[in-house]
Protein chains: 2
Amino acid sequence: MRLTRAGEYAVRCMIYLSHKGVGVLVSKQEIAERADIPTHFLAKIAQDLARAHLIEIRQGPKGGYSLLKDPAEVSLLEVVEVMIGEIYLNDCVGRPETCPASKRCAVHKVWEDARDQLRETLAGVSFAQLSEKESCIPVFPVHKKG
Amino acid sequence: MRLTRAGEYAVRCMIYLSHKGVGVLVSKQEIAERADIPTHFLAKIAQDLARAHLIEIRQGPKGGYSLLKDPAEVSLLEVVEVMIGEIYLNDCVGRPETCPASKRCAVHKVWEDARDQLRETLAGVSFAQLSEKESCIPVFPVHKKG
DNA sequence: ATATATGAGATATTAAATATCTTATTTATC
DNA sequence: GATAAATAAGATATTTAATATCTCATATAT
């Protein structure tokens, strides 16, 4: 019951892009290095984020990724669920058809409440908020030696 | 980010035993059939529950499992965490040493809050409450044909 | 045209969850 | 005590998901 690496990497990628601002093109290499994400894995994650219209991908020389939406309009929940699908905590919540009693089941109700609460918490945090504050992603540009 | 089968099965087993009451011996077969748990898997789960002093295991003929603690004193969180370990939702919460920034990290803080909230919700529900109400586990004894 | 940078899908690799099997141990009953 | 019944404990598949990487294709600045 933990967030996957893909989810964690997607969040880091989005924070890094939020620091840069909407529409600012950043190379895959730069993001991978600064946010500590395996390059090829980042490529896959970026595809998911692009499909969800959160970022735009630019190919070719000087290509890279850029933020499509205002970070104030993007929640932590949104990014996480793009990567891992809708959170439901227990199978009986996500797939009620697997449990005939779910409508009347006391256990089901607890998990449903817990799920709703968790999703609300994550929905209440925007990438604007996250990028304003300190996080595990370095804020200031790192200059190469020489 | 979902509860494992082992966790779900443990909850079902505990509800079934809660219906019976503290100290009432119930055979593994009966629990497996009524709570719809693969027999051998139940054996493994029962070992974990016994190690956590939630149930007692009796070997030999007329052996089986019985509840050790008052169901009012056992929370959903306790049973779930016996099976899957402490819930932490994100690696950076469970293993802060993997993220040097965790103390100051805004993302970390959100996950920590979400984790605390989830654990509180699950801690607030006892097996007495769960077994009083309808659930996915049948309450009344089923008599064999003939 | 060429070189650069990423896309998209395929293919390992690793780890975890799930399920089952085998041998050993406990205990009620005769 | 011997026997049979019931579970223990650990080992061993099996399956599924997560993680990571590779290859060929595509887009684009110069």
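To find a chain, count down the sequence lines: A is the first, B the second, and so on, and within it residues start at 1. Predicted model only: the values in this text are computed from it and were never measured.
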Handout entry: Contacts of A/D116 that satisfy side chain to side chain donor-acceptor pair (under 3.5 Å) - sequence neighbours left out
Key = none

Practice task
Measure from the side chain of A/P61, starting at C-beta and using heavy atoms only, and say which of D/dA27, D/dT30, D/dT7 lies closest.
Solution key: D/dA27

Problem - Any B/L3 side-chain heavy atom under 4.5 Å of A/L89 side chain - result: no

Problem - Pair A/E112, A/Y88: side-chain N/O donor-acceptor within cut-off below 3.5 Å - result: no

Practice task
Assign B/A6 to base, sugar-phosphate, or nothing according to its heavy-atom contacts below 4.0 angstrom with the strands shown.
Solution key: sugar-phosphate

Practice task
Select base, sugar-phosphate, or nothing to describe what B/G60 touches, counting heavy atoms under 4.0 Å on all strands.
Solution key: base

Report all side-chain donor-acceptor pairs from residues 37-63 of chain B shorter than 3.5 Å, counting only partners two or more places apart or in another chain.
unit_1	atom_1	unit_2	atom_2	d
B/Q47	NE2	B/A43	O	3.4
B/D48	OD1	B/R51	NH1	3.1

Exercise for the section: Name every residue in residues 80-92 of chain A that has at least one heavy atom under 4.0 Å from any atom of DNA chain D, in order of residue number, or write none if there are no such residues. Expected result: none

Acceptor/donor pairs from residues 8-15 of chain B side chains to any protein atom, 3.5 angstrom cut, sequence neighbours excluded:
unit_1	atom_1	unit_2	atom_2	d
B/E8	OE1	A/N90	ND2	3.1
B/E8	OE2	B/R12	NE	3.2
B/Y9	OH	B/R5	NH2	3.4
B/R12	NH1	B/A35	O	2.9
B/R12	NH1	B/D36	O	3.0

List the atom pairs, donor and acceptor, that lie under 3.5 Å between side-chain atoms in residues 123-135 of chain A and the rest of the protein, sequence neighbours left out.
unit_1	atom_1	unit_2	atom_2	d
A/S126	OG	A/A128	N	3.3
A/S126	OG	A/Q129	N	3.1
A/S126	OG	A/Q129	OE1	3.4
A/Q129	OE1	A/S126	N	2.8
A/S131	OG	A/F127	O	2.9
A/S131	OG	A/A128	O	3.3
A/E134	OE2	B/R104	NH1	2.4
A/S135	OG	A/I137	N	3.1

Exercise for the section: Could you check A/G7 against A/R58 and say which one's nearest nucleotide on DNA chain D is further toward the 5' end? Expected result: A/G7

Practice task
Have a look at B/R2 and say if it touches a base, only the backbone sugar-phosphate, or nothing, with a 4.0 Å heavy-atom cut-off.
Solution key: sugar-phosphate

Exercise for the section: Starting at atom CD1 of A/I37, determine the distance to atom C1' of D/dT21, rounded to an integer number of angstrom. Expected result: 16 Å

Exercise for the section: Establish, with yes or no, whether the OP1 or OP2 oxygen of C/dT18 is under 4.0 angstrom from a side-chain nitrogen or oxygen of B/T4. Expected result: yes

Measure all distances between protein nitrogen or oxygen atoms and nitrogen or oxygen atoms of nucleotides 19-24 of chain C, and list the pairs falling under 3.5 Å.
unit_1	atom_1	unit_2	atom_2	d
C/dA19	OP2	B/Y9	OH	3.4

Problem - Lys/Arg N to Asp/Glu carboxylate O, A/K69 vs A/E78, below 4.0 Å - result: yes

